Protein chains: 2
Amino acid sequence: MELVEARKQFVAAWGSFGSNWGINRTMAQIHALLMVTTKPLAADEIMQELTISRGNANMNIRELINWGLVERVVVSGERREFFAAEKDIWKVARIIVRERKKRELEPMMRFLESISAVEGAEADVATFEKTISDIRRFGQQADQAMETMLKADENWLLGTLLKLMR
Amino acid sequence: MELVEARKQFVAAWGSFGSNWGINRTMAQIHALLMVTTKPLAADEIMQELTISRGNANMNIRELINWGLVERVVVSGERREFFAAEKDIWKVARIIVRERKKRELEPMMRFLESISAVEGAEADVATFEKTISDIRRFGQQADQAMETMLKADENWLLGTLLKLMR
DNA sequence: TTTTTCTTTCAGAATAAATTGAAAGTTGAG
DNA sequence: CTCAACTTTCAATTTATTCTGAAAGAAAAA
């Protein structure tokens, strides 16, 4: 397969994959494009490659930088800013896990704690409290697994899961 | 906190949590509602509790049934269908892992394989092939880890069943 | 069979999310 | 300082997704 074609397909696939996981399509596409590109790209090149507007490119690049997945690169002799993606897929995975844990799991856990005790004596109260406490326990294990992953190397998943499942 | 209030908050939170992960808000809310309810609910009760239309309720219940997260329950003496959610959070997690692996990870892996070799000799070709192969390796490990989790759970289930039978 | 009760479907409406593009803002060069 | 090159912002628009509700379908009850 031709590089240009393969790259186009990869960028498109990564975009739709991302949007299944709550990540904006364009953001995932920009990230994919930068992942398979050797040299850093300027905003104009990204706009052209993905046929998106300046505003859209700017907003999504900024968001990728927020996540720590992309960084600004100074190219000597150039006025424009250039952008490059983190290419180590394990680092990428760790960044995503760390961010989503911080942004979603942790707030959810705090929330569950806040509603873990309810008043009343009906059967539904017992069901409610059991469900919430089961979810909390599950969440704590997930949290712990992620924490382990963030600290460990590339073989974390197998090791951790095996331990959890024992 | 009052049960009714806590339940309302939980359902709302679970809904917005789900929509961060590519799951339709209403679907997540229905699942949450059924998780904290002792008795199976009829479509009308779900509609009323979540103030959603009949069509919306029907479509999302069907989707939950497709996923295997909710099942129809026959209540004797009742004409209507009732619905109950799987309440074991580990089973829920296992179902979600299995389904998303099948629906997303596996197709993505097949796709990556199909574009793993490209023609050309530029530096970009090397970058492209390395990125794709790194992602594939990562995906294989994730796949393997999920497989381990799914198997461990099955063994656990089998063990429980064996115990029950003796 | 006919009626009643409940479920399913789906075109159109409503809502939410993403995108555009032009104007305003910034920054370095001359 | 002024200009030109580039970046950022954001109101308006477009696109995508979700939801509604009425009509049609199905099946038990009468």
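Reminder, nothing fancy here: chain letters follow the sequence lines and each chain counts from 1. Please read all numbers here as calculations on a predicted model, not as lab measurements.
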Visitor: Within the distance-only criterion (no hydrogens, no angle test), does the side chain of E129(B) pair as donor or acceptor with the backbone N or O of V118(B) below 3.5 angstrom?
Guide: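 Flag set: sc E129(B) to bb V118(B) pair under 3.5 Å.
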Visitor: Between M27(A) and F83(B), which residue's closest nucleotide on DNA chain C lies nearer the 5′ terminus?
Guide: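 The answer here is F83(B).
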Visitor: If a protein heavy atom is under 4.0 Å from the base, mark B; if only from the sugar-phosphate, S; if neither, -; do that for nucleotides 24-30 of chain C going 5' to 3'.
Guide: ---BB--
Visitor: Closer than 3.5 angstrom, by distance alone: can the side chain of N60(A) be matched with the main-chain N or O of N56(A) as a donor-acceptor pair?
Guide: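 Here the side-chain-to-backbone pair exists.
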Visitor: Mind checking whether N20(B) and R100(A) have side chains closer than 4.5 Å, heavy atoms only?
Guide: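 N20(B) vs R100(A): side chains touch.
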Visitor: So do the side chains of M27(A) and M59(A) get within less than 4.5 Å of each other, counting heavy atoms only?
Guide: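 The answer is no; the side chains never approach within 4.5 Å.
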Visitor: Using atom CG of L50(B) as one end and atom P of dT20(D) as the other, report the distance to the nearest whole Å.
Guide: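 L50(B) atom CG is separated from dT20(D) atom P by 10 Å.
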Visitor: Under the 3.5 angstrom rule, does the side chain of D124(B) hit a backbone N or O of T38(A) as a donor-acceptor pair?
Guide: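 Yes, the answer is positive, given that a donor and an acceptor are paired below the 3.5 Å cut-off.
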Visitor: Please pick, from dT9(C), dT8(D), dT20(D), the nucleotide with the shortest atom-to-atom distance to any side-chain atom of N58(B).
Guide: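 In terms of side-chain proximity for N58(B), the closest of dT9(C), dT8(D), dT20(D) is dT9(C).
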Visitor: Among dT7(C), dC19(D), dT8(D), which is the nearest nucleotide to the side chain of S53(B)?
Guide: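 Taking heavy atoms from C-beta onward, the closest nucleotide is dC19(D).
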Visitor: Both E81(A) and M59(A) contact DNA chain D. Which one's nearest nucleotide lies toward the 5' end?
Guide: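 It is E81(A) whose nearest nucleotide is closer to the 5' end.
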Visitor: Given dT9(C), dT8(D), dT7(C), which nucleotide is nearest the side-chain atoms of R62(B)?
Guide: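 Among dT9(C), dT8(D), dT7(C), the one nearest the side chain of R62(B) is dT9(C).
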Visitor: A28(A) and W14(A): which non-hydrogen atoms are nearest, and at how many Å?
Guide: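 Smallest interatomic distance, heavy atoms only, reads O-CD1, 3.5 Å.
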Visitor: Atom CZ of R54(A) to atom C1' of dC10(D): distance rounded to whole Å?
Guide: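 After rounding, the reported distance stands at 16 Å.
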Visitor: In whole Å, what is the span from the CG atom of D44(A) to the C1' atom of dA5(D)?
Guide: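 Distance check: D44(A) CG to dA5(D) C1' gives 10 Å.
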Visitor: Where along residues 29-38 of chain B does a heavy atom come under 4.0 Å from DNA chain C, residue by residue in number order?
Guide: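 Going residue by residue through residues 29-38 of chain B, none turns out to have a heavy atom under 4.0 Å of DNA chain C.
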Visitor: Does the E49(B) side chain pair with the main chain of I46(B), one donor and one acceptor, at a distance under 3.5 Å?
Guide: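 Not at all, since once roles are kept as given, no pair shorter than 3.5 Å links the two residues.
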Visitor: Mind checking the CD-CG spacing from E71(A) to L34(A)? Nearest 0.5 Å is all I need.
Guide: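 Separation between the atoms: 11.0 Å.
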Visitor: For K101(A), is the NZ atom crowded, meaning more than 12 foreign heavy atoms sit under 6.0 Å from it?
Guide: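 Count over threshold, so yes.
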Visitor: Could you give the CZ-to-C1' distance, from F82(A) to dT7(D), as a whole number of Å?
Guide: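 Taking atom C1' of dT7(D) as the reference, CZ of F82(A) is at 14 Å.
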Visitor: Using whole Å, report how far CD of E45(A) lies from P of dT7(D).
Guide: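 So the two atoms are 11 Å apart, to the nearest Å.
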Visitor: For the pair made of CD1 in I46(B) and C1' in dT7(C), what is the distance, rounded to whole Å?
Guide: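 These atoms are roughly 13 Å apart.
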Visitor: So does M35(B) get a backbone contact from the side chain of T131(A), meaning a donor-acceptor N/O pair under 3.5 Å?
Guide: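 Yes: the side chain of T131(A) pairs with the backbone of M35(B).
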Visitor: Strictly under 4.0 angstrom, non-hydrogen atoms only: write out the protein contact profile of nucleotides 13-18 of chain D, one letter per nucleotide from the 5' end, B, S or -.
Guide: -----S
Visitor: Checking K102(B) against E99(B) for the salt bridge (charged side-chain N to carboxylate O under 4.0 Å, His left out) test, could you report, in this order, the C-alpha distance in whole Å, the side-chain angles of both residues, the deciding distance, and whether it holds?
Guide: CA-CA 5 Å; K102(B) 190 171 72 197; E99(B) 287 292 317; 3.4 Å; yes
Visitor: Please give, in whole Å, the distance from dT9(D) P to N60(A) CG?
Guide: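 That distance rounds to 13 Å.
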Visitor: Report yes if some heavy atom in the side chain of W67(A) is under 4.5 Å from a heavy atom in the side chain of I23(A); otherwise report no.
Guide: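 With C-beta onward as the side chain, the pair stays apart.
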Visitor: Find the distance E78(B):CD to dT7(C):C1' and express it as a whole number of Å.
Guide: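 So the two atoms are 15 Å apart, to the nearest Å.
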